[in-house]
Amino acid sequence: MAFDYKKEYKEFYMPKNKPAIVTIPKMNYIAVRGKGNPNEEGGEYQRSIELLYGIAYTIKMSYKGSHKIKGFFEYVVPPLEGFWWQNGSDGMDYGHKENFKFISIIRLPDFVTKEDLEWAIEEATKKKKKDFSTVDFLTYEEGDCVQCMHLGSYDNEPETIRQMEEYANANGYEIDITDTRYHHEIYLSDPRKCDVGKLKTVIRHPVKRKQKILEKK
């Protein structure tokens with residue numbers, strides 16, 4: 001049976017719909033960077049998804065061809081994820097999605113190297129007659145985060161985020177979104193095939209311990 005990251009690492013991909021603190025280790029991803037409204041037909045975000053899946057499945061099916069990846073085992077392609085931000089803001093303004101910037105990502109198995117990705121880009125470009133040169137190999141360690149399963153429309157995320165922030169504060173943490181730590185979403189539902197009210201999205205925000213104020217003696 002193919003290895004399924006969602007089932008094997010439920011703490012990362014299948015949290016409850018109540019906030020919790022989690023520590024995310026270093027992982028490797030395929031990544032495409034871009035900007036703009038994710039709902040724009042044919043926009044940068046939608047193109048990034050096509051590129052990611054083109055490479056993800058080229059790597060997944062590599063064992064059937066001549067390129068043999070050391071340590072390869074059959075696996076289910078992990079879910080689509082995204083890091084999101086807006087310049088000049090430590091939050092997300094859902095009323096101005098045209099200002100969104102993103103890194104679309106899909107997790108890679110640890111056995112996939114940069115050289116394997118370079119092969120996959122060359123192979124996919126040749127077979128699909130499409131430019132995959134914007135796909136990168138990204139190694140990223142999120143560290144301490146607060147996360148929660150969000151149910152329903154993406155536009156209703158602010159309420160879930162509010163609950164996450166309250167939980168973090170109540171447990172001695174504060175949100176730590178910076179230029180290198182992002183609002184993170186993991187998409188467990190396909191909005192093209194799922195009723196909007198049943199969409200499942202993991203929302204994750206980086207946190208850090210609150211600094212204790214020393215009392216004067």
Check: Do we see a donor-acceptor contact under 3.5 Å between the side chains of H67 and D116?
Finding: yes

Note to self: Between Q86 and D93 (side chain of the first, backbone of the second, donor and acceptor by atom type, cut-off under 3.5 Å), is there such a pair?
What the structure shows: yes

Notebook entry, point to check: Does some side-chain heavy atom of H150 sit less than 4.5 Å from a side-chain heavy atom of I161?
Noted result: no

Notebook entry, point to check: In terms of hydrophobic clustering (I, L, V, M, F, W, Y; side-chain heavy atoms under 4.5 Å; direct or indirect links), are L51 and M61 co-clustered?
Noted result: yes

Notebook entry, point to check: How are the rings of W84 and Y45 set relative to one another: parallel (under 30°), tilted (30 to 60°) or perpendicular (over 60°)?
Noted result: tilted

Margin query: Determine whether E157 and Y94 satisfy the following criterion, side-chain contact (heavy atoms from CB on, under 4.5 Å), listing intermediate values before the conclusion.
Written below: CA-CA 9 Å; E157 288 182 1; Y94 290 79; 2.6 Å; yes

Check: Less than 4.0 Å between a side-chain N and a carboxylate O, is that true for E166 and R162?
Finding: yes

Notebook entry, point to check: Roughly how far, to the nearest 0.5 Å, is CG of N28 from NZ of K26?
Noted result: 8.5 Å

Item checked: Heavy-atom side-chain contact between I59 and I69 under 4.5 Å -> yes

Notebook entry, point to check: Quick one: are L80 and E185 in side-chain contact, heavy atoms under 4.5 Å?
Noted result: no

Margin query: Measuring centre to centre across the rings, with the benzene-like ring taken for any Trp, is H205 within less than 6.0 Å of H184?
Written below: no

Next item on the list: For side-chain contact (heavy atoms from CB on, under 4.5 Å), just list the numbers for W85 and I177, CA-CA rounded to whole Å, side-chain angles, deciding distance to a tenth of an Å, and then say yes or no.
Entry: CA-CA 9 Å; W85 71 96; I177 291 177; 5.9 Å; no

Check: Would you say the side-chain atoms of R209 and Y173 include a donor-acceptor pair closer than 3.5 Å?
Finding: yes

Margin query: Quick test of your reading of the model: are E44 and R33 salt-bridged, counting only N-O distances below 4.0 Å?
Written below: no

Note to self: Less than 6.0 angstrom from the centroid, inside 45 degrees of the normal: does K60 satisfy that with respect to the ring of Y75?
What the structure shows: yes

Checklist line | Criterion salt bridge (Lys or Arg N to Asp or Glu O under 4.0 Å) on K97 and D155, from CA distance to verdict | finding: CA-CA 10 Å; K97 295 179 181 178; D155 290 336; 2.6 Å; yes

Item checked: Non-hydrogen atoms of N39 and Q46 that approach each other most closely -> O-NE2, 3.8 Å

Item checked: Distance-only donor-acceptor check, side chains E81 and Y187, under 3.5 Å -> no

Check: With a 4.0 Å cut-off, would you call K127 and E123 a salt bridge?
Finding: yes

Check: Hey, does Y167 have a side-chain heavy atom less than 4.5 Å from the side chain of C148?
Finding: no

Check: Does R107 count as lying over the ring of F12, i.e. NZ or CZ under 6.0 Å from the six-ring centre, within 45 degrees of the axis?
Finding: no

Margin query: Quick one, K130 with E50, criterion salt bridge (Lys or Arg N to Asp or Glu O under 4.0 Å). Give me CA distance, side-chain angles, the key distance, then yes/no.
Written below: CA-CA 10 Å; K130 184 182 291 188; E50 294 177 6; 3.4 Å; yes

Margin query: Please report the interatomic distance NZ(K6) to CD1(I186), rounded to the nearest 0.5 Å.
Written below: 11.0 Å

Item checked: I175 to A168 - nearest heavy-atom pair and separation -> CD1-CB, 4.4 Å

Note to self: Would the distance check show the side chain of Q147 and the main-chain N or O of P15 forming a donor-acceptor pair, the cut-off being under 3.5 Å?
What the structure shows: no

Next item on the list: To the nearest 0.5 Å, tell me how far I30 CD1 sits from S48 OG.
Entry: 10.5 Å

Checklist line | Inter-residue atom distance W119.CH2 - I55.CD1, 0.5 Å rounding | finding: 9.0 Å

Notebook entry, point to check: Stepwise, does the side-chain contact (heavy atoms from CB on, under 4.5 Å) test hold for K208 with D144?
Noted result: CA-CA 7 Å; K208 63 182 179 181; D144 293 337; over 6 Å; no

Next item on the list: Check whether Y63 and V76 end up in the same hydrophobic cluster, where Ile, Leu, Val, Met, Phe, Trp and Tyr are linked by side-chain heavy atoms less than 4.5 Å apart.
Entry: no

Next item on the list: Find the distance between CD1 (I105) and CG (L52) and round it off to the nearest 0.5 Å.
Entry: 9.0 Å

Checklist line | Validation row: I203, M164 side chains within 4.5 angstrom (heavy atoms) | finding: yes

Checklist line | Atom NZ of K128: over 12 foreign heavy atoms under 6.0 Å | finding: no

Check: When you check the side-chain N and O atoms of Q163 and E159, is any donor under 3.5 Å from an acceptor?
Finding: yes

Next item on the list: Would you indicate whether E122, at its atom CD, is surrounded by more than 12 heavy atoms from other residues, nucleotides or ligands within a distance under 6.0 Å?
Entry: no

Notebook entry, point to check: Is the count of non-hydrogen atoms from other residues, nucleotides or ligands lying under 6.0 Å from K68 atom NZ greater than 12?
Noted result: yes

Notebook entry, point to check: Are more than 12 heavy atoms from other residues, nucleotides or ligands located less than 6.0 Å from atom CG of D179?
Noted result: no

Checklist line | Aromatic ring proximity, centroids under 6.0 angstrom, F100 and F102 | finding: no

Checklist line | Distance (rounded to the nearest 0.5 Å) between E165 CD and E174 CD | finding: 11.0 Å

Check: Considering the options I24, I21, T23, which one meets the side chain to side chain contact (heavy atoms under 4.5 Å, CB included) requirement together with C145?
Finding: I24

Next item on the list: Would you check if the side chain of R47 reaches a backbone N or O of G42 as a donor-acceptor pair within less than 3.5 Å?
Entry: yes

Margin query: For F3 together with F73, are the ring centres under 6.0 Å from each other?
Written below: yes

Next item on the list: List the atom of P191, the atom of L199, and the distance in Å for their closest heavy-atom pair.
Entry: CA-CD2, 3.8 Å

Check: Less than 4.5 Å apart, any side-chain heavy atom of T58 and any of I121?
Finding: no

Note to self: Quick one, F137 with Y29, criterion ring-ring contact (aromatic ring centres under 6.0 Å, His included). Give me CA distance, side-chain angles, the key distance, then yes/no.
What the structure shows: CA-CA 6 Å; F137 187 98; Y29 304 88; 9.4 Å; no

Margin query: Take a 6.0 Å sphere around CG of D110 and say whether it holds more than 12 heavy atoms from other residues, nucleotides or ligands.
Written below: no

Next item on the list: Please report the shortest heavy-atom distance between R181 and V207, naming the atom on each side.
Entry: NH1-O, 3.2 Å

Next item on the list: State, yes or no, whether a side-chain contact exists between M14 and L188 at a heavy-atom distance under 4.5 Å.
Entry: yes

Margin query: side-chain contact (heavy atoms from CB on, under 4.5 Å), that's the test. Do M27 and L138 meet it? Break it down for me.
Written below: CA-CA 8 Å; M27 300 182 190; L138 174 66; over 6 Å; no

